[in-house]
Amino acid sequence: MTFMSAVTVLAVWASTPLTEKYAPRLTTPRMYEAFRTTGKIKIDGRLNEGDWTKARQSEPFTDIRGAGYPEPVKDTYVKMMWDDENLYIGARLQEDNIIAKLSQRDTIIYHDNDFEVFLDPDGDAQNYFEIENNARGVVFDLLLDKPYRSGGSFFVPWNCEGLQLAVSHDGTLNKPGDKDRAWYVEMAIPFDALRRDFTDPRSLKVWRINFSRVQWLVPGQPEENWVWSPTGKVDMHMPERWGFLHFVDAPVGSAAAAADYNIDMDAYRLLWSLFYEQQERKSQNQEYFHGIGLSGADMALLPAGGETSVDACNSAFEIAITVPSRNEIYSVNHDGKFRITPITPSK
């Protein structure tokens with residue numbers, strides 16, 4: 001594959017800002033700070049240890065499409081903690097009729113009402129993990145090489161080795177005649193189970209993570225998709241839109257630090273708007289574009305002294321934005337692989 005030479009943005013000629021065109025997909029991802037546990041966590045689905053009481057409750061789940069769409073009619077929240085071996089996740093799902101029919105591991109669990117976890121420890125939007133379960137505690141876990149939009153495929157034989165998962169019910173399972181209140185999920189995900197390419201996920205202080213709740217409200221009608229950090233469309237397989245998980249090396253209950261994404265969010269937003277535009281051009285014209293057209297509003301997101309470039313051919317591309325203040329280059333390619341690399345000093 002041969003790329004054409006990089007094209008640097010020198011002119012402003014786009015009529016509609018790309019960041020306006022793709023605004024629903026460019027909202028700032030949510031952030032969660034997970035603190036260390038102070039005692040042993042028993043995985044029984046009850047979330048009754050003192051550490052769970054101290055852990056911060058996430059924002060309520062929202063419609064996957066984001067602002068402007070109906071808010072969920074049932075509340076959902078998550079909490080997270082960690083220790084040397086595991087990431088701990090606890091969730092409460094408000095529910096007046098707890099139902100789960102599927103009972104075999106690695107069946108398509110979202111045919112039931114379910115709870116789903118999406119994990120991308122190194123944040124490159126490739127080789128990420130998905131763990132689903134229903135109110136019986138039946139698990140569907142899989143590995144995906146890249147998002148479906150880029151021709152990705154899933155690997156169901158992958159198991160999250162050492163996963164501990166339990167559910168509990170504030171109500172009764174599969175008895176529609178009574179009134180239930182909620183069901184709970186508690187899990188311990190071993191860091192060793194998420195090791196990829198010899199990278200120990202414990203060495204990564206910030207992950208990308210998201211949570212989804214699939215809810216079948218009306219028989220015969222499409223499902224509801226409620227999530228922690230909205231993606232802007234009905235597609236959970238957009239890792240760049242997932243939330244940020246910060247691992248804080250302090251005991252749970254410690255004061256939260258000031259929010260820090262450790263990334264230039266303006267440059268990040270601009271980079272992904274160009275990626276979405278490339279995808280649209282490809283679907284319309286069967287090829288990627290070689291030039292970059294940005295409006296004044298788009299250009300305003302460029303970091304001081306930063307430059308944007310694109311290498312492209314008909315079947316592949318890479319877009320890059322330099323961030324001089326951080327001495328970094330943000331780039332994304334046609335597969336949606338995101339990278340941050342240091343700027344190499346000129347000799």
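Within the 3.5 Å criterion, the main-chain N or O of Cys313 finds no donor-acceptor partner in the side chain of Glu287. Between the side chain of Arg326 and the backbone N or O of Asn262 there is at least one donor-acceptor pair closer than 3.5 Å. With Asp311 contributing its side chain and Phe317 its backbone, the two residues share no donor-acceptor pair below 3.5 Å. The main-chain N or O of Thr19 is never found under 3.5 Å from a side-chain atom of Ser273 such that the two would form a donor-acceptor pair. Although no hydrogens or angles enter the test, the distance criterion places no donor-acceptor pair under 3.5 Å between the side chain of Asn133 and the main chain of Gly137. Put simply, the side chain of Tyr261 gets close to the backbone of Pro29: a donor and an acceptor are under 3.5 Å apart.
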Requested in this report: I would like to know whether Asn210 and Ser229 meet side-chain hydrogen bond (donor to acceptor under 3.5 Å, both in side chains); could you show each step before the answer?
Outcome: CA-CA 6 Å; Asn210 212 351; Ser229 195; 4.9 Å; no
Query - Ile319 and Ser331: CA distance, side-chain angles, deciding distance, side chain to side chain contact (heavy atoms under 4.5 Å, CB included) verdict - result: CA-CA 5 Å; Ile319 300 169; Ser331 63; over 6 Å; no
Report task. For side chain to side chain contact (heavy atoms under 4.5 Å, CB included), just list the numbers for Phe244 and Arg30, CA-CA rounded to whole Å, side-chain angles, deciding distance to a tenth of an Å, and then say yes or no. Result -> CA-CA 6 Å; Phe244 290 87; Arg30 285 176 164 174; over 6 Å; no
**Report entry** Worked verdict on Trp242 versus Phe118 for side chain to side chain contact (heavy atoms under 4.5 Å, CB included)
**Finding:** CA-CA 8 Å; Trp242 297 351; Phe118 295 80; 3.5 Å; yes
Query raised in the report: Going through the distances and angles, do Arg208 and Asp122 end up as a salt bridge (charged side-chain N to carboxylate O under 4.0 Å, His left out)?
Result: CA-CA 7 Å; Arg208 302 305 294 271; Asp122 63 4; over 6 Å; no
Query - Check against side-chain hydrogen bond (donor to acceptor under 3.5 Å, both in side chains), Asp51 and Thr37 - result: CA-CA 6 Å; Asp51 280 354; Thr37 60; 4.6 Å; no
Requested in this report: Show the numbers, then the answer: is there a salt bridge (charged side-chain N to carboxylate O under 4.0 Å, His left out) between Asp141 and Arg105?
Outcome: CA-CA 9 Å; Asp141 48 2; Arg105 187 185 176 111; 2.4 Å; yes
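With a 6.0 Å radius and a threshold of 12 heavy atoms from other residues, nucleotides or ligands, Tyr69 has its OH atom at or below the threshold. No more than 12 heavy atoms of other residues, nucleotides or ligands shown are found within 6.0 angstrom of CD on Gln104.
Using a cut-off of 4.0 Å between Lys/Arg side-chain N and Asp/Glu carboxylate O, Arg136 and Asp112 are scored as not salt-bridged. For Glu280 and Lys21, the salt-bridge test passes: some basic side-chain N is under 4.0 Å from an acidic carboxylate O. Between Asp335 and Lys146 there is a salt bridge, since at least one side-chain N of the basic residue sits less than 4.0 Å from a carboxylate O of the acidic one. Salt bridge status for Asp235 with Arg241: absent, with no side-chain N to carboxylate O gap under 4.0 Å. By the 4.0 Å N-to-carboxylate-O rule, Asp200 lies close enough to Arg195 to be salt-bridged with it. In this structure, Lys175 does not pair ionically with Asp178, as no charged nitrogen and carboxylate oxygen lie closer than 4.0 Å. Salt bridge Asp84/Arg36: present, at least one basic N to carboxylate O contact under 4.0 Å.
The ring of Phe338 has its center closer than 6.0 angstrom to the ring center of Tyr268. For Phe35 and Trp82, the ring centers sit 6.0 Å or farther from each other. The distance between the ring centers of Phe275 and Trp272 falls below 6.0 angstrom. Close placement of the Trp158 and Phe129 rings is indicated, their centers lying within 6.0 Å of each other.
Listed by first and then second residue, the side chain to side chain donor-acceptor pair (under 3.5 Å) pairs involving residues 181-190 are Trp52-Glu186, Arg92-Tyr184, Asp170-Arg181 (not counting sequence neighbours).
Residues Phe140 and Thr107 share a closest heavy-atom pair of CG-O, 3.3 Å.
Transitive grouping of hydrophobic side chains (ILVMFWY, heavy atoms separated by less than 4.5 Å) brings Val167 and Leu163 into a common cluster. Both Met238 and Val332 belong to a single network of hydrophobic side chains, linked directly or stepwise wherever heavy atoms of I, L, V, M, F, W or Y lie under 4.5 Å apart.
For the residue pair Glu59 and Tyr32, no side-chain donor N or O sits within less than 3.5 Å of a side-chain acceptor on the partner. Between Tyr22 and Glu277, the side chains place a donor N or O and an acceptor N or O closer than 3.5 Å (distance only, hydrogens not considered). A side-chain N or O of Tyr276 and one of Glu240 form a donor-acceptor pair less than 3.5 Å apart. Judged by distance alone, the side chains of Arg269 and Thr28 do bring a donor and an acceptor atom under 3.5 Å apart. A side-chain N or O of Asp83 and one of Tyr88 form a donor-acceptor pair less than 3.5 Å apart. The closest side-chain donor-acceptor pair between Trp226 and Gln215, if any, does not fall under 3.5 angstrom.
Cation-pi contact between Lys282 and Tyr288: present, with separation from the ring centre below 6.0 Å and deviation from the ring axis of at most 45°.
With sequence neighbours excluded, no residue satisfies side-chain hydrogen bond (donor to acceptor under 3.5 Å, both in side chains) with Thr322.
For the pairing with Arg213, the salt bridge (Lys or Arg N to Asp or Glu O under 4.0 Å) check across Glu132, Glu116, Glu95 returns one residue only, Glu95.
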